[in-house]
Amino acid sequence: MEYQFSEIEKKWRQFWADHKTFKAEDNSSKPKYYVLDMFPYPSGAGLHVGHPLGYIASDIYARYKRLRGYNVLHPMGYDSFGLPAEQYAIQTGQHPALTTEQNINRYRDQLDKIGFSFDWDREVRTSDPGYYKWTQWIFKQIFNSWYNLKSDKAEDISTLIAAFESNGNAGITAVTEFAEIFTADQWKGYSEKEQSDILMEYRLAYLADSWVNWCPALGTVLANDEVINGLSERGGHPVEQKLMRQWSMRIKAYAERLITGLDTVDWTDAIKDMQRNWIGKSVGASVKFVVSSSAEEVAFDSAQSTNNELRRSSGAEIEVFTTRPDTIFGVSFMVLAPEHPLVNEITTAEYKDAVEAYKTAASLKSERDRQADVKNITGQFTGAYALHPFSGEKIPVWIGDYVLASYGTGAVMAVPCGDQRDWDFATHFKIPIKNIFENVDISEAAYVEKEGTIADSDFLSGLPIKQAMTVAIAKIEELGIGKGKTNYRLRDAIFSRQRYWGEPFPVYYKNDIPYLVDDAHLPIELPEVDKYLPTEDGEPPLARAEKSAWKYFEGERMEYNTMPGWAGSSFYFLRYMDPKNDHEFVSKEKADYWNQVDLYIGGSEHATGHLLYSRFWCKFLYDRGYISFDEPFKKMINQGMILGRSSFVYRLEDNKTYITFSKKEGKQVVPIHVDISLVDNDKLDIEAFKAWRPEFANAEFILEDDGTYICGSEVEKMSKSKFNVQTPDELVERFGADTLRMYEMFLGPLEQTKPWDTKGINGVHNFLRKLWRLFYENGNLIVTDAPASKEALKTLHKTIKKVEDDLERFSFNTNVSNLMICVNELTDQKCHSKEILEQVVILLAPYAPHAAEELWSEALGHPAGTVSTTPFPKFNPEMLVEANTVYPVSFNGKMRFNAELPTTFSAKEVEEAVLAMPEAQKWLEGKAPKKLIVVPGRIVNIVV
RNA sequence: GCGGAUGUGGUGAAAUUGGUAGACACGCUAGACUUAGGAUCUAGUGCCGAGAGGUGUGCGGGUUCGAGUCCCUCCAUCCGCACCA
């Protein structure tokens, strides 16, 4: 019997679906294991071969863990809210729910063909009301929480209100920007609106006027991680800064825990560093500089101005953040961001116009221009001076757009001798540079190292830099002019989107106060609208909905924004544990049982988005007692991208002759993308090419000497327009799912970016055919009951060990090869022993599950479908080691043994075997060896 | 500029605590066989050399009996961040 993959695969797909073979039990005596893939956004283009790469890896691991006796949770679902469906809806008028449904069906079809062991009973879709009910519910919990720095966790807002009612806010240490102090009596005297506004300053989900990334082309705001180089991640449209009233999430409250938590998870350093960078922790101090009134006199006098109105700024304080308090005596000027609120106040009359002009110029620059302009040093003196807190010296105050309004305090103390940007600024504007480092030359550049000794700095002189930092902070705190402080670059996450296809907020407004919709009315379903566009007066699309279109409506108006894409994907891994629960987003019991995701596989592009937000929500839900772990993903593997390999034909100037690759040299040719389905191993199917498009119908060719046309190729991203998209479907049809699965694993290291290339797929396919021949010859079963040969046992156990090692260490690069070697060796040995083949089939089951099931039941006579529940073969090291001859060698004056050994791979076992050899015993004369070096399979050096 | 990764045949790549570099597969060469199948089988295939032999893991050093692997300098490519005080 030949290897009939299409029949076999169809049969087993059906069997698994009918028997729910991969259903995960919520209660089991087996240990649990949770293998998760990043769920896909179901785009209209369908899956290409890059998508399943990670799914195949995780499926192999999930199946392996089942063989190892684990109760495995391996679910799949869809991140089905999103921009493309909405934009398609805007163009066509089709409801996004409809296109999303169609796309999901297509995805499911494609996924099913690859033979994944997902438990489809647990499927989730973020756009399903039964799912987003819980997205809305979690939003409510976040809204109803504040971050208590004393307990270092999120707590219910009621505890804060209770505190306000009894003591006001004086004793509260919370994450908030709110600085006013009020008493209990004052609190009780506030109106509902005033109380609501104050609580808003504490809530973890809050409404505030924020500078946001506004993308006019998309008509919505974007989160920082959705903006790349000043352009939108989706579509690449320009993004500008705009002040808007928006929902935000106080993720900054978790900044420190998001950093420390990284030490408890097994992720790559690359991803951890990306997150650390993004959070951007800096330790230092904040210091207040008093703006000098007398200095202002000087400026005023010299300007000979008579406008006394502008002179009232004396006593203003500029607060700066610095990571180098040790260099405070090196301050020779200060710089404020152009948007800094004190700029108008302190600017003297003389400089008013120049400052205004500078501010205007800065505001006209887009984020992108500002970034591109890094090397252009610009700034403007304000005429004001600040007083140095220790020396009392007058320090000129400038504004400059290299200082960002949104980081720290929006102002810096400039130390040109110790900071390159300050040095450049000072040099450019000819501001004096004071050197406070002992024996350091700063004439060419700033000294930015944190090694050395401080000089010329009053009480800091003579101290090493690191010590000076501590001393400086202590002194600053003592004088009450500042304090030690840690800053984070991470910004709070904007949570509103002006779009239709997202979760509605469970929020309504009455008297301009936002209220939460009662749980009983959740989910707040998306209302129907006539168009998926903003209203004429710029309200989000949901504002178009008639009151009657809302299934639930309360107050004067509903919240018309929707939630961002990351809302639904920030807890889906929890929902899989209990996807049908209508009373809770997940029951405590099930969350406790399934616990963390043991292995998470997905792309690294989510490093600063999804992965950060999911960790944030997980920590929040942990704080509030809904789950008992505060990191969602214990171990993560990031699969690399698969690039397309485009094929080209080369047209000569005459517009109709196409010249083959090797003969185009030195000729004027136009490369033209040709559909890769017309090309096999770079050979063009000429007839198919002529039929492909009318303009090629009369094409003429200059061929290779063997009469073929060879195409050129180039590696690019897969895209329809480059005709280089390889869908898994065609390959499954030609070679079968098992071949595709093994081939994708055979391609190279999982984590690596690599071009797609089908050149080697025959090799993998031939492996399966060869495997078949161990069982069948001329259509007859040739499996025997004869005992296995020693050789065959050795091959088997070598393979068991290799497969086991590769999967436990999780490097999907060699394991398929190990099975190939195994089958090659068994073929050479003419081994048809049932004893051996049974074990081989189990080893194969995670990789090529359809073939394994077929051989297991049809050739080996086991009950159908049981290969997935058979224990993984047990490795027996004794099968590998055989004693051999040992002979002494003298080398470089040191005595050692060289022993020739049979091929094995475990140095330890060989070591033991060598020491047990009579020859070795004799040679050592009862002494222990000083050093024993084993080259697996080859040579042993024993130093005596 | 900062951070992370990667450099091995014609190609994709292996190489476990440092131990025969190139497993396995593609491709290629020669041959066999055939109910012509995306077959199968045999032999060969890093480079130089007719051969013995020499040489070889981005470059240059170092440690070691022994280095693709460890250490140092440099180079190239890819990814992320980027005026974050």
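Throughout, protein chains are lettered first and strands after them, A, B, ... in sequence-line order, and every chain is numbered starting at 1.
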All N/O pairs under 3.5 Å across the protein-nucleotides 39-42 of chain B interface:
from, atom 1, to, atom 2, distance (Å)
rA39(B), O2', Arg769(A), NH2, 3.0

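Paired regions of RNA chain B, where each region holds three or more successive Watson-Crick or G-U pairs whose two hydrogen-bonding distances fall under 3.5 Å, are B:1-7 with B:75-81, B:10-12 with B:24-26, B:27-32 with B:40-45, B:46-48 with B:53-55, B:60-62 with B:70-72.
Judged purely by distance below 3.5 Å, without hydrogens or angles, the side chains of Thr795(A) and Gln829(A) pair a donor atom with an acceptor atom. With hydrogens and angles left out, the side-chain atoms of Asn766(A) and Tyr3(A) include no donor and acceptor closer than 3.5 Å.
Among rA25(B), rA85(B), rC83(B), the nucleotide with an atom closest to any side-chain atom of Thr323(A) is rA85(B). Comparing rC81(B), rG3(B), rA23(B) by their closest approach to the side chain of Ile821(A) singles out rA23(B). Checked against rU11(B), rA13(B), rA85(B), the side chain of Pro749(A) finds its nearest nucleotide in rA13(B). Closest to the Arg489(A) side chain, of the nucleotides rC81(B), rA25(B), rU16(B), is rC81(B). Picking from rA85(B), rC81(B), rA25(B) the nucleotide with the shortest atom distance to the side chain of Val403(A) gives rA85(B). With rC26(B), rG12(B), rG38(B) as the choices, the nucleotide that has an atom nearest any side-chain atom of Phe746(A) turns out to be rG12(B). Of the candidate nucleotides rG38(B), rG4(B), rA85(B), rG4(B) has the atom lying nearest to any side-chain atom of Asp269(A).
When each of Glu339(A), Arg491(A), Arg489(A) is tested with Ser406(A) by the rule side-chain hydrogen bond (donor to acceptor under 3.5 Å, both in side chains), just one qualifies, namely Arg491(A).
Across all strands shown, Arg645(A) has no heavy atoms under 4.0 Å from either base or sugar-phosphate atoms. Nucleic acid contact class of Asn487(A) (heavy atoms, under 4.0 Å, all strands): none. Among the atoms of the strands shown, only primed sugar atoms or phosphate atoms (P, OP1, OP2) are found under 4.0 Å from some heavy atom of Gln752(A).
Going from the P atom of rG56(B) to that of rU6(B) covers 25 Å, rounded to whole Å. With C1' as the reference atom, rA21(B) and rU55(B) are 13 Å apart, rounded to whole Å.
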Under the criterion salt bridge (Lys or Arg N to Asp or Glu O under 4.0 Å), I'd like the reasoning laid out for Glu716(A) against Arg645(A): C-alpha separation, chi angles, the key distance, then a yes or no. CA-CA 6 Å; Glu716(A) 306 174 284; Arg645(A) 189 169 177 278; over 6 Å; no
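Atom pair Trp398(A):CH2 and rC83(B):P shows a separation of 22 Å (rounding to whole Å applied). Straight-line distance from the CZ atom of Phe735(A) to the C1' atom of rG38(B): 7 Å, rounded to whole Å. Atom CG of Asn638(A) and atom P of rC79(B) are 16 Å apart (whole Å). Remark: C1' of rC26(B) and OH of Tyr743(A) are 8 Å apart, rounded to the nearest angstrom.
A heavy-atom distance below 4.5 Å is not found between the side chains of Val283(A) and Thr323(A).
Judged by closest nucleotide on RNA chain B, Ile761(A) is the one of Tyr488(A) and Ile761(A) placed further toward the 5' end.
At least one cation-pi condition fails for Lys281(A) and Tyr488(A): the charged atom is not both under 6.0 angstrom from the six-membered ring centre and inside a 45 degree cone around its axis. Geometric assessment of Arg615(A) against the ring of Trp267(A) yields a positive cation-pi assignment under the 6.0 Å and 45° thresholds.
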